Amino acid sequence: MKVLIACSVTPFADSPVQQRARLLCARLAAAGHASEILRIPFAATPLEQLPSQLVMMRSFESWNVDHLLALDLPASLLRHPRKSLWLDAALPLPDDGAAAQRRLLGTAAREAAAESRAAFSTSDRARDVLRDTLGLAVAALPVPPREVTGVAGNYILAAPPRAEADTRLLAALALAAPEVRLLVAGRPSAPGQEDLLRCAAQALGVEDRVRFALQSLAEHESDGYLAAALAVACIGGADDTGLALAAASAGKPAIADARDADSAAIVRNHLSGWLAPTDAAGLAAVFDEAWIRRHRTLAYGANARGLLLRSRLDWPHTLESLLA
């Protein structure tokens, strides 16, 4: 099958959607399909030009391929009789004051989904964002995690919280046993988040027990951090189930928000990880348990990998859903 992967791009920048397009292209080729990526320049600003940008997308037609896979909102407007959408939460949304542009984007997204064979989001969180911001109802189809191998290390890995001022993980570290170590790695949610977290670590007296790697990570960097972790904390909204899935693939147990029902498929309390209260004291107790009962932590990680293998969250089943 000849499959065209369409995504929008910002010149001179490599975005997560482009990275996902390259990954998808490679997986399609490995499955025996001819695949190429169509990168379409798109600018959501200035807002006055948004309608003309969307009309431009709508005018494109690709008829010399068997299937079109669109990975973001503007690219989803391309016409093709056999089209599927696989969207994430990185939408070109204007601020709340631009109600007309927001309605335009919602109308465009729903029209693109209506003419598609199938429409998916890359995660549970992306599904909720699409529903709440654009009124678009899609099913979640997570990106299968890369297989990562390594031995259990001496830190708990976490991503930067989505809320810039969320310092609960550091407060929990301050209450946990002095042996517990934390690594916060990934792109900050805001330009000032790194300074804020470093100041909080100093104020809490844990600056010698936490390491920060707050920047966009290459695959080998994120895989290396994951491979050497003891457990993974999916707290603070940074995880859209992607981090929990990556942890399970690496055989690491996840510490997830007990209120997050979407994590329950992989993170089962005291079986493949912990569904923890997210106050500092509750998190500290889980940190201590993961650290002190190391053999149980390793067993939870093995259970998480087993649950992932049985969940059909792999590339053969993902491609089957996208190309159906």
Side-chain angles (χ1 to χ4, degrees), residues 5-30 35-39 41-42 69 71-72 75 86-91 122-123 125-126 142-162 164 169 181-198 210-252 254 301 304-305 308 313-315 318:
I5 303 167
C7 65
S8 64
V9 300
T10 301
F12 306 105
D14 188 26
S15 65
V17 71
Q18 293 186 67
Q19 297 169 14
R20 183 159 50 95
R22 292 194 296 269
L23 175 61
L24 180 56
C25 189
R27 292 294 182 171
L28 285 164
S35 178
E36 290 188 1
I37 302 173
L38 175 63
R39 299 174 175 87
F42 174 77
L69 294 178
L71 302 189
D72 56 20
W86 199 22
L87 310 175
D88 62 19
L91 301 168
T122 58
S123 67
R125 188 179 72 85
V143 180
R146 296 184 299 275
E147 184 174 348
V148 176
T149 58
V151 297
N154 61 349
Y155 58 80
I156 295 172
L157 177 65
R162 191 174 300 123
E164 181 183 3
L169 289 172
R181 298 292 184 270
L182 184 68
L183 169 61
V184 184
R187 179 186 296 177
S189 63
Q193 188 176 37
E194 180 171 2
D195 289 340
L196 191 152
L197 291 176
R198 289 186 182 277
V210 59
R211 176 185 171 194
F212 296 105
L214 298 180
Q215 69 270 339
S216 296
L217 301 175
E219 286 186 359
H220 73 276
E221 292 175 310
S222 58
D223 289 352
Y225 290 143
L226 184 58
L230 175 65
V232 179
C234 306
I235 300 294
D239 177 51
D240 54 7
T241 71
L243 186 57
L245 293 178
S249 180
K252 313 291 181 177
R305 177 177 282 159
L308 179 63
L313 291 175
D314 54 27
W315 277 107
T318 299

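Values in this document were obtained by computation on a predicted structure and should not be read as measured data.
- Using a 4.5 Å heavy-atom cutoff, the side chains of W315 and L23 are in contact.
- Contact detail for Y225 and A185: the closest heavy-atom pair is CD1-CB, 3.8 Å.
- What you find for A227 and V148 is that their closest heavy atoms are CB-CG1, 3.6 Å.
- Atom CD of E221 has more than 12 neighbouring heavy atoms from other residues, nucleotides or ligands inside a 6.0 Å radius.
- Residue L157 comes nearest to A229 through the heavy atom pair CB-CB, 3.9 Å, listed as atom of the first residue, atom of the second, then distance.
- Residues L169 and I156 have side chains not in contact (no heavy-atom distance under 4.5 Å, counting atoms from C-beta outward).
- We find the CG-NZ distance between L230 and K252 to be 7.5 Å, quoted to the nearest 0.5 Å.
- T318 places none of its side-chain heavy atoms less than 4.5 Å from the side chain of R27.
- Proximity of a side-chain donor or acceptor of S8 to a complementary backbone N or O of A75 within less than 3.5 Å is not detected.
- Within a 6.0 Å radius of CZ in R22, other residues, nucleotides and ligands contribute more than 12 heavy atoms.
- Pairing each heavy atom of A233 with each of L243, the nearest pair is O-CD2, 4.0 Å.
- Contact of the C25 side chain with the S35 side chain is registered, since non-hydrogen atoms from C-beta on lie closer than 4.5 Å.
- By the 4.5 Å heavy-atom criterion applied to side chains, V210 and L197 are not counted as neighbours.
- Of all non-hydrogen atoms in V184 and A159, the two that sit nearest each other are CG1-C, 4.0 Å.
- Without hydrogens or angle criteria, R20 side chain to V143 main chain gives no donor-acceptor distance under 3.5 Å.
- Nearest heavy-atom pair, P188 versus Q215, reported as atom, atom and distance to 0.1 Å: CD-N, 4.1 Å.
- Rounding to the nearest 0.5 Å places OG of S216 at 3.5 Å from CZ of R187.
- Taking CG of D223 as the reference point, atom CZ of R146 lies at 4.0 Å (rounded to 0.5 Å).
- At least one donor-acceptor pair closer than 3.5 Å links the side chain of Q193 to the backbone N or O of S189.
- The CG atom of L87 sits 8.0 Å away from atom OG1 of T122, with the distance rounded to the nearest 0.5 Å.
- To the nearest 0.5 Å, atom CG of residue L71 and atom CG of residue D88 are 8.5 Å apart.
- R211 has its side chain out of reach of Y155: every pair of non-hydrogen atoms, C-beta onward, lies at least 4.5 Å apart.
- In this structure, CG in D195 is found 9.5 Å from CD in E164, a value given to the nearest 0.5 Å.
- In this structure a side-chain-to-backbone donor-acceptor pair under 3.5 Å is present from R305 to A250.
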